[in-house]
Every structure is written in C-alpha cells, then in structure tokens.
Amino acid sequence: MSTQDYAISQWPDTDALIEKAKQLVSQPIRPIRRDKMEEYLQYFETRCAKSRAATAEAAKLIPGGVQHNLAFNYPFPLSISKADGPYLWDVDGNRYIDFLQAGGPTVLGSNYPGVRDKVIEVLKECGPVTGLFHEYELKLAQLIHRHMPAVEMFRMVGSGTEGCMAAIRAARNFTGKSKVIKVGGAYHGWSDQMVFGTRIPGSGPFEAAGIPESCVQHTQEVYPNDLDGLRALLEQNRKDGGTAAVIVEPIGPESGTRPVHYDFNAKARALCDEFETLLIFDEVVTGFRLGMGGAQGYFGVTPDLTVFGKCIAGGYPGAGGIGGRADIMSTFAAGIGGGTQKTLVGGTLSASPLSSAAGYFAITEMERTNAPILAGRAGDRLCAGLQKVIDELGLPFFVYNHGSILHLETHGVLLVDVTMDDLFLQLMQRKKMAEEMGAAYTAEGVITLAGSRLYTSMADTDEVVDDAVERFRRVLSAVE
Ligand SMILES: Cc1ncc(COP(=O)(O)O)c(C=O)c1O
C-alpha cells in the first residue's frame with residue numbers, strides 16, 4: 001500500500017484521541033454564548049423564511065418534517081434548491097459550504113456534471129428501470145472487482161442497510177451459524193438485527209423501539225478496540241453454535257467517531273480465521289472514499305464480504321451492494337435460481353440502469369480525477385486549519401480526520417460512556433449543544449453532519465477550505 005493511493009495521509013494517534021474524548025465528556029459543556037446564539041437564531045428568522053414555511057407545511061404530512069435524520073436541523077430544516085461542487089443553496093437564496101456532502105457519497109462534489117450528463121444519456125435511452133439486465137450492471141461489477149480484487153462477485157441492492165442485511169444473511173447461510181458480532185457504537189443501517197449497540201458502545205437494544213427482543217437475540221457487541229473481548233465472545237460462541245460473522249466499520253464505529261487502532265482490522269481478521277468466522281467490512285462510507293481500493297486496500301486486510309453503499313451509486317438512488325468471496329456470494333439467489341439453500345435478496349429497483357450507470361461513471365471519474373486523494377487533502381487542510389483555531393482559542397475541543405472524513409468534537413454527544421451516572425442528562429445537554437453548534441455553523445454559511453462530522457470532496461479547493469475555517473473560527477470564538 002502506498003499512502004499516495006489513499007486519502008489518509010497519516011493514521012491518527014488513536015490512544016491520544018480516546019484520551020481527548022474522555023477529557024471532553026468529563027468536563028461541563030462549553031456551548032455558544034447566549035447572546036451570540038440569539039444572533040445565530042435570528043439568522044434563521046430573517047434569512048430563511050421560505051425554508052421555514054416549507055418545512056412547517058411538510059411537518060403536517062411528513063413525520064418530524066423530514067424524511068431522514070441527516071436533514072434534521074435546528075431550529076428547523078433548510079429546504080435546499082441547488083447543489084454545485086462544494087456549495088448548496090437554500091430556497092431563500094443563501095449559499096453554504098457543504099460538508100454534509102449528502103452523508104458521504106459525493107466524493108467528486110455535489111451534482112458533478114461529468115456523471116450527471118452520462119446518467120441523463122442512459123435515462124434518455126431506457127429510463128430509470130426496466131427490470132431486466134443492463135450492461136452497466138456488468139461494467140460496475142467489473143470496475144469494483146478491478147479495484148477491490150477481494151470482491152470476486154458483486155450483488156447490487158438498494159441501500160447500505162440492505163447490503164448489511166444481505167451480507168449477514170449470506171454469512172449465516174454459508175456458515176450455518178447464527179451469531180453476529182459487531183463493534184459497539186457502529187452503525188450498520190436500521191434493520192431489526194442491527195439496531196443494537198448503535199451509536200454508543202454498550203447501549204445494546206437501547207434504540208430498538210418497535211423491534212422484538214428476538215430479532216437481536218443473535219447480535220452481540222464488543223467495545224471498540226477490545227480484541228480480548230472479541231476473542232472471549234468468539235470462544236463463548238464456539239461452545240454455543242459458533243459465530244457466523246464479525247462485522248466492522250474498518251475505521252471505527254460511526255465513521256471513526258470511535259477511532260480504532262491501525263492494526264485492529266488485521267487482528268480481527270486473524271481472530272476470524274482462528275474461529276472460522278467470516279469477516280464483513282462495512283465499507284458503506286469508506287468504499288472508494290478512502291481510495292479506489294477502499295479500507296481493505298488501505299489496511300491491506302481482506303474481508304470475506306464487503307458491504308457497499310453511498311459511493312457505489314455516485315450519490316444517485318439505489319446505493320447498496322455486497323461483494324466478496326465467490327463461494328459465499330454464490331449462495332445468493334436471484335429469483336428463478338432460488339431454492340431453500342439460497343440466500344434470498346432482491347428489490348424491484350435494485351441495480352437499475354440509473355444506479356448502475358451512475359455508480360460506474362462516478363467511480364470511473366473518481367479514478368480519472370484522483371478524487372479520493374484530493375478530497376483527503378482537503379480534509380487534511382481543513383483539519384489543520386481547525387486545529388489551529390482550537391489551539392489559538394485555547395478550547396477543550398479536538399479535531400481529527402481520516403482523509404476526507406473529519407470529526408470536529410465540541411459537544412461529544414456520541415462520546416459519552418454508558419456507565420456515566422448522569423448519562424441521560426449528559427445526552428440531553430450534549431445533544432442540545434450539538435444542535436446549536438450545527439445551527440451556528442449553518443448561520444455562518446457552513447453545513448455539517450449533526451454539528452460534528454464533515455465530509456470533504458474533490459470540489460473543496462484550498463480557497464473553499466480556508467474560507468470555511470474562518471467561518472468556523474467565528475463560531476468557535478463565541479463559545480462560553
Ligand atoms: C457504515 C454504514 N453502514 C450502513 C449504513 C446504512 O446505509 P443506508 O443509509 O444506505 O441504508 C450507513 C449509513 O450512513 C453507514 O454509515
């Protein structure tokens with residue numbers, strides 16, 4: 001592996017980050033001064049009237065007023081009408097630097113014309129879907145296989161959630177074992193079996209409202225970086241039918257919000273081999289964003305199965321897939337080839353010409369333009385700029401990046417420890433601060449993911465990044 005080929009120029013010091021996280025959540029929160037927060041909220045009152053009206057109307061028909069967590073914003077969601085490269089515009093005509101980047105898929109930048117135009121050509125020819133095979137399904141599978149040889153075969157599905165479901169089902173079918181071990185805090189979509197230990201390690205079924213206990217009966221979690229815990233669980237399971245799979249987000253739970261040691265994946269691989277368990281890499285975020293070889297290329301670790309999402313359809317709908325060893329992948333049925341031994345997956349709109357062509361052209365363009373690396377360099381520059389601001393202002397906050405995935409930790413809502421005596425109070429206060437930080441960044445013209453995660457893209461030139469740093473500086477200068 002050459003660092004030239006991957007977006008991560010330097011793996012952060014994981015232990016130092018874990019210590020900083022502990023420090024952050026052991027201190028009282030440092031929110032924005034009330035007078036300044038009032039000023040930021042005024043921005044929404046005076047400059048976002050059309051957004052407010054539209055999303056208030058939406059709340060009458062759409063639960064919570066938005067269809068997706070990412071779109072939830074304090075004090076109200078923005079209605080976006082235009083996206084171009086590093087920028088978004090709302091319906092009131094305000095422009096924002098976009099570090100949400102749709103939650104990660106748009107490494108080329110938003111609404112990249114080189115993909116959009118090709119997609120339109122395909123749409124003109126055959127529309128978004130026919131239900132029958134389209135040549136871009138093959139082209140996409142070939143492309144993925146070329147960049148990630150461990151993906152000997154590829155099955156496209158509709159989302160990352162579906163990809164995780166399918167990978168786990170195939171692992172169970174192939175191994176004949178039931179248990180699945182995940183790393184606490186990781187997000188593997190919202191399927192019944194995976195809403196366990198979500199967001200906060202050790203939280204078990206805390207978020208599993210509406211999900212019968214039996215659905216997570218075979219889901220287990222270990223703490224991030226706890227290889228001894230993983231071994232112990234594998235040993236325990238061996239006496240009780242075995243473990244079908246260990247599933248990881250390779251840079252750590254919640255896209256590295258809980259960072260893992262560089263050698264974690266290799267050691268997890270060795271344990272899986274020892275216990276005859278499959279290793280699933282959830283590369284929904286990292287696949288192609290970290291580099292054309294994904295996290296598996298960066299770490300030099302070969303998973304048995306890989307889950308794809310986001311980049312796999314270049315930001316277009318229908319972004320999900322599973323790839324991996326041909327013997328495991330061959331257990332998937334596709335309709336007519338099914339039978340009792342086959343792993344059933346499907347989806348009327350899965351692998352549509354639209355998704356397959358968008359994925360093919362996006363990944364082709366990412367390779368041609370070196371987008372993952374350029375996005376990673378933008379992440380490095382943004383991280384360095386924000387670190388300087390934090391240092392200059394003497395704040396107890398911290399920032400780090402894995403290439404184009406950046407964490408600006410000010411409130412630590414996802415960093416709390418389940419054993420804290422005042423856990424619920426901590427969660428409430430820190431969530432409130434997260435919302436306020438997000439709103440303040442927005443009022444300064446920068447959109448983030450939940451006020452702490454930032455995705456950079458190839459479109460983030462030095463000028464865009466430096467402009468953003470100054471906007472963050474204004475917000476961070478105003479904390480109590
Ligand atoms: C690591 C990871 N896995 C799975 C998913 C679920 O993907 P989707 O939202 O496409 O269902 C996500 C979504 O953010 C993710 O970050």
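Just so it is clear, the values below take in all heavy atoms, side chains as well, and ignore hydrogens, waters and symmetry mates. These numbers were taken from a predicted model, which means no experiment stands behind them. All ligand and atom numbering here is 1-based and tracks the order in the structure.
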### Task
Go through S9 and D380 one step at a time and tell me if the side-chain hydrogen bond (donor to acceptor under 3.5 Å, both in side chains) criterion holds.
CA-CA 8 Å; S9 43; D380 287 346; 2.6 Å; yes
### Task
Kindly write out the residues that satisfy salt bridge (charged side-chain N to carboxylate O under 4.0 Å, His left out) with R471, not counting sequence neighbours, or none if the list is empty.
D467
### Message
For a quick test of reading the model, state the closest non-hydrogen atom pair linking T198 to S203 and the distance between them.
### Response
O-OG, 3.4 Å
### Task
Could you list all the salt bridge (Lys or Arg N to Asp or Glu O under 4.0 Å) pairs where at least one residue sits in residues 398-418, not counting sequence neighbours?
none
### Query
Are D304 and R269 close enough for a salt bridge, meaning some N to O gap below 4.0 Å?
yes
### Task
Return each pair, listed once, that meets ring-ring contact (aromatic ring centres under 6.0 Å, His included) where at least one residue sits in residues 302-330; pairs must be two or more places apart or across chains.
F154-F308
#### Entry: Proximal protein residues to ligand 1, non-hydrogen atoms under 4.0 angstrom
S159, G160, T161, Y187, H188, G189, E249, D282, V284, V285, K310
